[in-house]
2 protein chains.
Amino acid sequence: MPATPTTAPTAHPAPPTGAAASRQHTLRERNLSLVASAVYEATTPPSRADVAAATGLTRATVSTLVDRLVAGGLLAELPPVVAQRAGRPAVPLQPARRTLVGLGLEVNVDYLGVRALDLVGDVVAERVVTGSLHDSDPGEVLARLRGLAAGAIAELEGAGMRVAGARLALPGLVDARGARLEVAPNLGWSSVEPVPVLDLRAGDGSPLDVEVANEAKLAALAELAGDVPSSFLYVSGDVGVGAGIVVDRQLFLGQRGWNGEIGHVVVDPAGPRCSCGATGCLEQYAGKEVLLRGAGLPASAPVHAVVDLLRDGDDAALATVQRAGRALGSALATFVNLVDVSTIVLGGTYAELFGWVGHVVAGVVEERALAAPFAPVDVRPAAAGPHAALTGGAREVLRAVVADPAVWV
Amino acid sequence: MPATPTTAPTAHPAPPTGAAASRQHTLRERNLSLVASAVYEATTPPSRADVAAATGLTRATVSTLVDRLVAGGLLAELPPVVAQRAGRPAVPLQPARRTLVGLGLEVNVDYLGVRALDLVGDVVAERVVTGSLHDSDPGEVLARLRGLAAGAIAELEGAGMRVAGARLALPGLVDARGARLEVAPNLGWSSVEPVPVLDLRAGDGSPLDVEVANEAKLAALAELAGDVPSSFLYVSGDVGVGAGIVVDRQLFLGQRGWNGEIGHVVVDPAGPRCSCGATGCLEQYAGKEVLLRGAGLPASAPVHAVVDLLRDGDDAALATVQRAGRALGSALATFVNLVDVSTIVLGGTYAELFGWVGHVVAGVVEERALAAPFAPVDVRPAAAGPHAALTGGAREVLRAVVADPAVWV
DNA sequence: GACGTTTTGTTGTATGGCTGAACTATTGCG
DNA sequence: CGCAATAGTTCAGCCATACAACAAAACGTC
């Protein structure tokens, strides 16, 4: 720019505005990513010709790109299927198995764990340890997590796989660069930089790419593995209530990745006081501990205990869950009005209680969402299993690989 | 020369299968856009060498690209300034004046109008007609707007300018393609397709690229002309209350562009009934007509009348405005928690009343926004003048031109 | 005021990556 | 068995950029 602040005149300084110049090399990187994505996102293993048709590239170009990806261990050729039509049989392509893996890490209030996924989505390693981490010591907990992760990495590399990186899910506010946890109220952590503490390394000693992210956001990404629309809202119900916004299969993060804090939406200004200082926050109606206590159970009981009470037709449990459903519905209607998505995925606690809260939430949302008459809002339970954030974190690493495969070939 | 309908990505969500193959031609288009943007966004007219340094391209490449843009009427060379240092003096580059223009159109409750901006941001044509359009007939009103626009287009083309396209701002829900207005409660319109009704054409008869968008969102874009951070929330206070979310200088639209409907956020479930069917919506506390009536004025009075009362220390006006400020603050805190931005720009009615509502809003937001302790929320009045959506619409057209200049050279 | 220095902008020539068309490979079908 | 159909490969051509040398237009300095 004209008055370039501090640019050295000699070297190749990165452009300040983020948009980089396109050279021929850029072109190849983009098309490499395009081809990788086409294979990665296809429902049936496509041939080179299929990829060419899907991307608009010529078969010649696709061939060279595919060859490179196969050599780099990102794609694999399957044995040619017996064709039922004329012509040379196609060679189906698939993401490679057991070559590159992504690591999902998580520290949450009730457990900590590691999960590794390869490019086809298979879980190739997993270690989960349960136990309360309420008001725990970050250094001590992260050291334990480091142990779990190091074990998994050693096991994976022993089996000939490369670890592409890791994502650490935490139930709190994480800064923009994915380096620093500002605060996680339910863990009792604040101002923690977990990456250097974890200090994860590959077998050859080279440091692993590790980034921290919010738990609800990574859990949202786990849903993308299943049959879900390209835009949705994921609500993670636990002790706190968080959310992830996915638009066009991509996380929307806002300015600093601190969006989706639905737990502190005002449900009723005259409601009970919340730990955040305000009154009538959603968490005071639909937080896990409030739900448990409302059903007459200790705050540390498993959610399944509430389900048992509901099955028995317990009045207190039913009333509490309905009250929570109405509050959640009201908050979600606000969310839908402000963010505009037509699918809401209820995860965590709410997935378990879906049979009892689902229709209550859907009813209130339908009533208050402005766009509902034109596009009804679909409320559904989460499809990803337990510890969804682990899967989401691992998937996120692999997504980054597919989005920029040049580094790995 | 003809106003070719552009396929450039506009303010609306891209189709799902976005990524296209990159060929050499793509490369040139991208770099052309990069160079155009560099000049367009620079604070001081940069030289070719400055642009090369900023983009990372070589001076040779920048030269050929700039030459093409100059020939196409997107850039202009300024007379070389007398250099105060050694070396051949640089030729400063600027967006071209009076060559390509963007058209902003608007139909709102109190007025309709047209405004044309050229690439340097000068207003080169304007026609605004005031008068109530409450419960008006779409066909009749759009015919009047068509007259205004056609007059402006003829005037501009008479002066040798090309019209690149137009954006029509409407106070309601607009569909994803920017073609159809679903509903605009305060106009009493629903299910309108304004583009064929307007049927705007260039002098040679070729159809103009016209897209419809929400008024608050286009008004938000108008703020980008001034000194505003790259991410902010714009709130447009009028009869209804809408908002635009800008992240990284780009509108965030959600799945279908229906986000930001803050007017129907629940402030108090026990509050008054709203026209949308629910109770206690923000609009019932901070809508323009509620404000006016609360101050003892007729609903059709200008906002300035309230300012006069406030200056005189009128108790009813003061109480009403403070109540509105608290409600708005509460809704905005929710917004900030859900979307994560640290700057709130108050526009429309609230810009005029800023001296009285600003600190009230800021106080409530600071209290309820979860991230406030780490990053205080800045609440400020809008900088763009009246009818901001007109400016925003025109700017949006020009942004699309700069983002894909290949069509216009 | 001639000359070296510095910075800008403009020539060439080289190179990398994609296209398009021709070619080979492998099947089904009559 | 020959032909049509489809998949994948080879190779010349093209296009946009990089790189390097050069021309242009200032300043500084003795």
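As the structure is a prediction and not an experimental result, all values here were calculated from the model. Convention: sequence-line order gives letters A, B, ...; per-chain numbering from 1.
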Notebook entry, point to check: Could one point to a donor on the side chain of B:Arg59 or the base of C:dG9 with an acceptor on the other under 3.5 Å away?
Noted result: yes
Just how far, in rounded Å, is [atom2] of [N] from [atom1] of [X]?
X	N	atom1	atom2	answer
B:Leu57	D:dC19	CG	P	11 Å
A:Leu34	C:dG17	CG	P	16 Å
B:Arg88	D:dA23	CZ	P	13 Å
B:Arg23	C:dG20	CZ	C1'	12 Å
A:Leu93	D:dA7	CG	C1'	11 Å
A:Leu65	D:dG8	CG	P	14 Å
B:Glu29	D:dC15	CD	C1'	14 Å

Looking across every strand, which nucleic acid part, if any, lies under 4.0 Å from [X] by heavy atom: base, sugar-phosphate, or nothing?
X	result
A:Val62	nothing
A:Thr64	nothing
A:Ala49	sugar-phosphate

Can you figure out which of [options] approaches the side chain of [X] most closely?
X	options	result
B:Ser63	D:dA18, D:dA16, C:dG9	C:dG9
B:Pro89	C:dT19, D:dA25, C:dT10	D:dA25
A:Leu27	D:dT10, D:dG8, C:dC18	C:dC18
A:Ala86	C:dG17, C:dG20, C:dG28	C:dG28
B:His25	D:dA16, D:dG8, D:dA18	D:dA16
B:Ala90	C:dG9, C:dA21, C:dC18	C:dG9

Margin query: Less than 4.5 Å apart, side chain to side chain, heavy atoms only: is that true for B:Val402 and B:Glu41?
Written below: no
Notebook entry, point to check: Are the side chains of A:Met161 and A:Leu100 in touch, meaning some heavy atoms are under 4.5 Å apart?
Noted result: no
Margin query: Can you give me the closest heavy-atom contact between A:Val228 and A:Glu223, atom names plus distance?
Written below: CG1-O, 3.5 Å
Check: Can A:Arg162 and A:Asp118 be counted as an ion pair, charged N to O under 4.0 angstrom?
Finding: no
Notebook entry, point to check: So, are B:Glu29 and B:Arg23 salt-bridged, with charged N and O less than 4.0 Å apart?
Noted result: no
Item checked: Upstream residue (5' side of DNA chain D) when B:Thr58 and A:Pro92 are each assigned their closest nucleotide -> A:Pro92
Note to self: Both B:Arg68 and A:Asp67 contact DNA chain D. Which one's nearest nucleotide lies toward the 5' end?
What the structure shows: A:Asp67
Under 4.0 Å between a side-chain N/O of [X] and OP1 or OP2 of [N], yes or no?
X	N	value
A:Arg85	D:dA7	yes
A:Asn31	C:dG17	no
B:Thr61	D:dA18	yes
A:Arg48	D:dA7	no

Check: Under 3.5 Å, is there a donor-acceptor pair linking the side chains of B:Asp50 and B:Ser47?
Finding: yes
